[in-house]
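Inspection log for the structure reproduced underneath, given as structure tokens.
Keep in mind that this is a model prediction, so the values were computed, not measured.
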Amino acid sequence: MQDLRVAQALAAAAYDAWRGIQARSDLHEKVGKGAGGNATSRADAVLEAAILEAAKPFGMSVLSEEAGFVKGDGPLLAVVDPLDGSRNAGRGIPFHCTSVAVGPATGRLGDLRAGVVRNLVTGDLYEATKGGGALLNGKAIAPRPFDSKEFLLGTIADYAEAEIEEAHRRPGRHIRDLGSAALEMCLVGTGALDAFHVRKPWLRVIDIAAATLVVREAGGQVLDPATGRDLDMPLNLEVRSGILATHSAGARKVLLGSVTPKPMPGLAGAPSNPSGPLTWALVGKAGIPHVRSESVRLRENLEKKGQAVLLETDLAKALGGKAHSLAELDQLADLFLTVGGDGTILMTQAVTDKPVFGVNAGAIGFLAEVEPPQAVAAIDQILRGDYRVEERDKLSAWLDGKPLPDATNEVTLQTSRIAKLIRFRISVSGEVLDTLRGDGIIVSTATGSTGYAMSVGGPLVHPLVHGTVLAPIAPFRLSARPWVVPSESVIELTLEDRESQTGTGQARVVVDGQHGFDVEPGQVVRVAPSTRKARFIRLGPGFYERVRSKLTR
């Protein structure tokens with residue numbers, strides 16, 4: 001109950017501040033940009049200041065829309081959105097709130113223990129404690145029967161997308177975009193809305209933290225729409241996610257059965273039997289003769305078995321057929337079949353969350369699943385549903401705020417001149433870890449720990465471990481060692497001037513060995529967990545056998 005009392009106190013401070021300023025004419029003037037990247041209004045700033053002041057007696061840290069992460073001395077963290085629905089408030093639409101969730105400072109979304117959402121217009125108070133149920137204005141939220149003939153869906157969507165089209169096709173489906181994610185989720189908790197669905201990764205943990213507790217403690221579910229699993233997110237402002245919050249099993253069945261794309265069998269990781277032909281996206285470098293010949297063989301084999309095969313542009317030019325970009329294939333295919341080495345797999349994983357099945361036509365092919373002689377039998381095994389999908393972490397990266405491609409293996413800050421050292425500062429979640437001189441540093445996923453990071457002395461990490469490897473490249477100091485930090489960490493690499501030479505052309509940031517960008521002194525490379533996942537189709541031996549067979553010979 002202590003956590004709930006803290007959340008109540010912070011929400012009450014914001015509510016009192018709102019009542020004191022809501023009549024001011026300058027309330028919604030923009031006064032800057034918050035840490036979350038959105039424009040900050042005067043109301044946002046005033047409510048946040050009230051929350052930060054109320055948090056001081058508790059010695060707690062605060063993660064907020066405007067100020068970002070404000071470190072306290074105690075073990076608690078408050079995840080807050082001082083004014084959710086600020087656009088509504090600025091236009092006079094009476095639907096906006098403040099939300100506060102409280103939990104351990106080192107946790108994730110699923111570790112938060114108490115949440116409060118206060119409707120700033122009506123004063124309605126939604127409260128929840130983990131394992132203790134949910135309340136509306138002090139009364140337990142009672143279940144409401146589901147009526148499939150009157151399905152009311154809240155959403156945040158582009159109005160040309162499937163949610164809107166589906167609503168028009170089905171007379172019983174009604175759709176609302178109300179402009180406050182936290183309040184819409186609370187309405188799901190009470191059953192006033194049957195579901196709240198955001199297909200694209202737009203929401204941050206501050207937007208949904210308290211409301212997620214309300215929905216779950218009221219008997220509903222909050223899922224990641226990309227995987228169908230319970231949604232969990234790191235407690236930072238970098239990661240964004242889609243969401244599927246539902247009030248009842250009936251609502252989930254209706255929504256999942258009509259607005260989600262056709263799932264790849266076994267997408268959540270468990271073997272299953274396919275229900276009809278699959279659409280395979282075939283990717284390979286056609287300029288390599290043995291890649292081209294193997295691609296022809298596998299294409300013919302799949303088509304003989306009634307499977308649909310789409311070709312990436314490079315292969316289509318060589319084999320004949322309609323050409324598709326990787327982005328187009330991501331929209332059209334159920335899974336990807338790559339013929340080549342790890343570079344081909346990484347190139348594919350950069351643009352898709354779909355499962356990837358790799359046939360090795362490269363040198364080592366550590367990420368690939370089979371060698372060419374086993375490929376046809378492996379395809380038969382997949383068609384029988386005898387496989388698993390292994391889901392792995394990816395990294396998102398930014399260079400001075402500009403987004404870079406996501407990484408399946410690693411993000412590397414490296415010198416752009418051989419034998420010329422660079423100097424860089426490493427910070428992890430706001431705390432300086434070290435300042436080094438050397439050839440650079442690799443920020444690697446567990447998947448990438450067997451690649452470039454391994455070659456510079458980093459540890460081997462099982463791909464299902466949620467950790468990020470920091471492996472210095474040729475550091476000019478004996479005490480510089482690799483680190484493994486929690487996967488939810490936000491890592492910042494700041495390039496400093498080199499003592500022997502200042503100016504441009506010192507360093508580059510490279511993503512998965514595929515994409516390179518120049519880095520100037522003073523610029524910051526920020527790396528954080530991605531909302532997207534890398535998915536690999538697996539058939540036989542596990543990680544340890546793969547290490548023994550491919551990395552020790």
Legend entry - Side-chain donor or acceptor of E48 paired with backbone N/O of A67 under 3.5 Å: yes

Inset, instruction - Please check if the side chain of E488 supplies one atom and the backbone of M233 the other of a donor-acceptor pair under 3.5 Å. - result: no

Legend entry - Heavy-atom check, side chain of V465 versus side chain of V484, under 4.5 Å: no

Inset, instruction - Can you spot which of V214, V117, L213, V215 makes a side chain to side chain contact (heavy atoms under 4.5 Å, CB included) with M185? - result: V215

Inset, instruction - Taking all heavy atoms of V461 and all of V469, pick out the closest pair and write down the distance. - result: CG2-CG2, 3.8 Å

Legend entry - Test item: I491 and L433 side chains (from C-beta on) under 4.5 Å apart, heavy atoms: no

Legend entry - CG-CG distance between L193 and L152, expressed to the nearest 0.5 angstrom: 5.0 Å

Inset, instruction - Examine distances only and state if a side-chain atom of T408 and a backbone atom of L346 form a donor-acceptor pair shorter than 3.5 Å. - result: no

Legend entry - Side-chain heavy-atom pair E410, V443 within 4.5 angstrom cut-off: no

Inset, instruction - Would you give the length of the straight line joining atom CD of Q349 to atom NZ of K394, rounded to the nearest 0.5 angstrom? - result: 5.0 Å

Inset, instruction - Please lay out, stage by stage, how Y126 and L183 fare under the test side-chain contact (heavy atoms from CB on, under 4.5 Å). - result: CA-CA 9 Å; Y126 301 87; L183 280 180; 4.1 Å; yes

Inset, instruction - Decide if atom CZ of R108 counts as having more than 12 heavy atoms of other residues, nucleotides or ligands within a radius under 6.0 Å. - result: yes

Legend entry - ring-ring contact (aromatic ring centres under 6.0 Å, His included) partners of residues 76-121, not counting sequence neighbours, each pair once: W18-H96

Inset, instruction - Establish, from distance only, whether the side-chain atoms of S180 and D84 form a donor-acceptor pair under 3.5 Å. - result: yes

Inset, instruction - Compare every heavy atom of N88 with every heavy atom of L178, then report the nearest pair and how far apart it is. - result: O-ND2, 2.8 Å

Legend entry - Short side-chain to backbone donor-acceptor contact, D406 and A350, under 3.5 Å: no

Legend entry - D3/R113 ion pair, N-O < 4.0 Å: yes

Inset, instruction - Could you grab the distance from atom CD1 of I206 to atom CG of N236, nearest 0.5 Å is fine? - result: 10.5 Å

Legend entry - Non-hydrogen atoms of T445 and A407 that approach each other most closely: CG2-O, 4.2 Å

Legend entry - Backbone of G103 reached by a side-chain donor or acceptor of D111 within 3.5 Å: no

Legend entry - Heavy-atom closest contact (S489 atom, P529 atom, distance): O-CD, 3.5 Å

Inset, instruction - Please examine the side chains of N409 and T447, heavy atoms only from C-beta on, and report whether any two atoms are closer than 4.5 Å. - result: yes

Inset, instruction - Report yes if the side chains of Q221 and D230 come closer than 4.5 Å at any heavy-atom pair, otherwise no. - result: yes

Inset, instruction - Determine the minimum heavy-atom distance between V79 and V205, stating which atoms define it. - result: CG1-O, 4.1 Å

Legend entry - Nearest-0.5 Å distance, CD of residue E53 to CG of residue L10: 11.0 Å

Legend entry - Donor-acceptor contact present, side-chain S530 to main-chain R532, <3.5 Å: yes

Legend entry - Test salt bridge (charged side-chain N to carboxylate O under 4.0 Å, His left out) applied to E391 and R538, K533, K354, R535, the passing residue: R535

Inset, instruction - For the pair R216 (side chain) and V222 (backbone), establish whether a donor and an acceptor sit closer than 3.5 Å, ignoring hydrogens and angles. - result: yes

Inset, instruction - Kindly compute the distance separating CD1 (I243) from OG1 (T155), expressed to the nearest 0.5 Å. - result: 11.0 Å

Legend entry - Minimum heavy-atom distance between P82 and D44, given as atom pair plus value: CB-O, 4.1 Å

Legend entry - Euclidean distance, D207 CG relative to W202 CH2, rounded to 0.5 Å: 12.5 Å

Legend entry - Side-chain heavy atoms of V102 within contact of M60, under 4.5 Å: yes

